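Written below as structure tokens is the structure these notes are about.
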There are 2 protein chains.
Amino acid sequence: MITTFAGESKHFLDDKNRLSIPAKFRRWGDGEDPENAFFITKGSDPCLVAYPEPEWEIFTEKLKKLSQFKKKNRAFIRTWSRNSVRLKCDKQGRVLIPQEHLDFAGIKKEVIIIGALNYLELWDPETLAKHQESQIPLDDDYYEDLADIL
Amino acid sequence: MITTFAGESKHFLDDKNRLSIPAKFRRWGDGEDPENAFFITKGSDPCLVAYPEPEWEIFTEKLKKLSQFKKKNRAFIRTWSRNSVRLKCDKQGRVLIPQEHLDFAGIKKEVIIIGALNYLELWDPETLAKHQESQIPLDDDYYEDLADIL
DNA sequence: GATTTCTCCCCACATCTACCCACAATTATA
DNA sequence: TATAATTGTGGGTAGATGTGGGGAGAAATC
């Protein structure tokens, strides 16, 4: 069982591109996961997405079921896999994020870390603000649909 | 099973932004919840809303079922989760409320804590008074609709 | 094989958190 | 009513946390 991530923090990259993972996001489940590694990918939104290793594996197992005889499946699997990097926290609870991933999300120094239930999102503050502004507000139809499951 | 919260109290933030939870709201259910943590979120009204952890989890578990490959789902989860903070009572029954949340609700020193059945509302007294004044009175139609379920 | 780059350990330290103790005021109990 | 327990509030302090930087070893490059 994975701990549910919630809340947000602001941290800073240091000169070595290391990012402290907030302590509350650093441990999960029953603590029996010895490594507590994350997989970081490029998100569908302009941010990085960090999955605890078990979550990433669950998702990846689903992907394996896609037929590789469909061009779009191959493309998706390829992209997913290329963009995934396994990152282990150092003894101070930091991960070293590849420059290419930082560039994708426009992260320079400041990082907003959002706990989004079973994954984390890493945002550049400005990019996040702009994204929130340009966001189409959730409309009544959406809430109608939500109401069906909530 | 969650105890039903009812009634209201007035407490004061101390210099460290700690708020005593009224004793009657501090324990719930069968007392078998070892941590007795709250999740505090920004309300739809200008106040903070505090859910006992089990209540928050019920809702959140449903949210986890939403696919993250729909943009609107991501937006909804992000908003919900960003504003949520898990707060554990210290041994004296107090929680440390983040400054940002206090600012959202305009809380400075005095706090009105309202038991609202399965959650608590935290109000700045002035904000609450103003909100009550500007409140649209409940009309007959509303009571007609209520009658359907009551 | 030698040199350079990268990774990750360690140490350091300011800040923040949450423990503990304390105590007055209130409520419960005998 | 007297006594005991609970509650709300204040404050000191040890430990946790976030950040910075040196340097040993691994990996990559020449």
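Numbered from 1 within each chain, the chains take letters A, B, ... in sequence-line order. Only a predicted model underlies this, so the values are computations on that prediction, with no experimental measurement involved.
Not a single donor-acceptor pair under 3.5 Å links the side chain of A:D45 to the backbone N or O of A:C47. With hydrogens and angles disregarded, no donor-acceptor distance shorter than 3.5 Å links the side chain of A:T127 to the backbone of A:W123. Between the side chain of A:S134 and the main chain of A:K130, a donor-acceptor pair closer than 3.5 Å is present. Within the 3.5 Å criterion, the main-chain N or O of B:G106 finds a donor-acceptor partner in the side chain of B:K108. No donor-acceptor pair closer than 3.5 Å links the side chain of B:N73 to the backbone N or O of B:F69.
Summarising the geometry, the separation between CG on A:L13 and P on D:dT19 is reported as 10 Å, rounded to the nearest angstrom. If you measure from atom CD1 of A:I21 to atom P of D:dG18, you get 10 Å, rounded to the nearest angstrom. Atom CG of B:N17 is separated from atom C1' of D:dG11 by 15 Å (rounded to the nearest Å). Between A:K16 atom NZ and D:dA24 atom P the separation is 13 Å, expressed in whole Å. The interatomic distance linking B:D14 (CG) with D:dG8 (P) rounds to 13 Å, in whole Å. Distance A:R18 CZ to D:dG18 C1': 11 Å, rounded to the nearest Å.
Of the residues in residues 82-96 of chain B, those with a non-hydrogen atom less than 4.0 angstrom from any atom of DNA chain D are B:Q92, B:R94.
Candidate nucleotides D:dG10, D:dG21, D:dT17 were compared by shortest atom distance to the side chain of A:D15, and D:dG21 ranks first. Taking the side chain of B:A23 as heavy atoms from C-beta on, and the options D:dG18, D:dT7, D:dG20, the nearest nucleotide is D:dT7. In this structure, of D:dG23, D:dT9, D:dT19, it is D:dT19 that holds the atom nearest to the side chain of A:H11. Residue B:P22 has its side chain nearest to D:dG8 when only D:dG8, D:dG10, D:dG18 are considered.
Salt bridge status for B:E100 with A:K10: absent, with no side-chain N to carboxylate O gap under 4.0 Å.
Other residues, nucleotides and ligands place more than 12 heavy atoms under 6.0 Å from the CG atom of B:L150. Around CZ of B:F59, the count of heavy atoms belonging to other residues, nucleotides or ligands within 6.0 Å exceeds 12.
Among the atoms of the strands shown, none is found under 4.0 Å from any heavy atom of A:L19.
Checked against the 6.0 Å centroid criterion, the rings of B:Y51 and B:F39 do not qualify as a close aromatic pair.
When DNA chain C is scanned in the 5' to 3' direction for atoms under 4.0 Å from non-hydrogen atoms of chain B, the outermost contacting nucleotides are C:dT17 to C:dC21.
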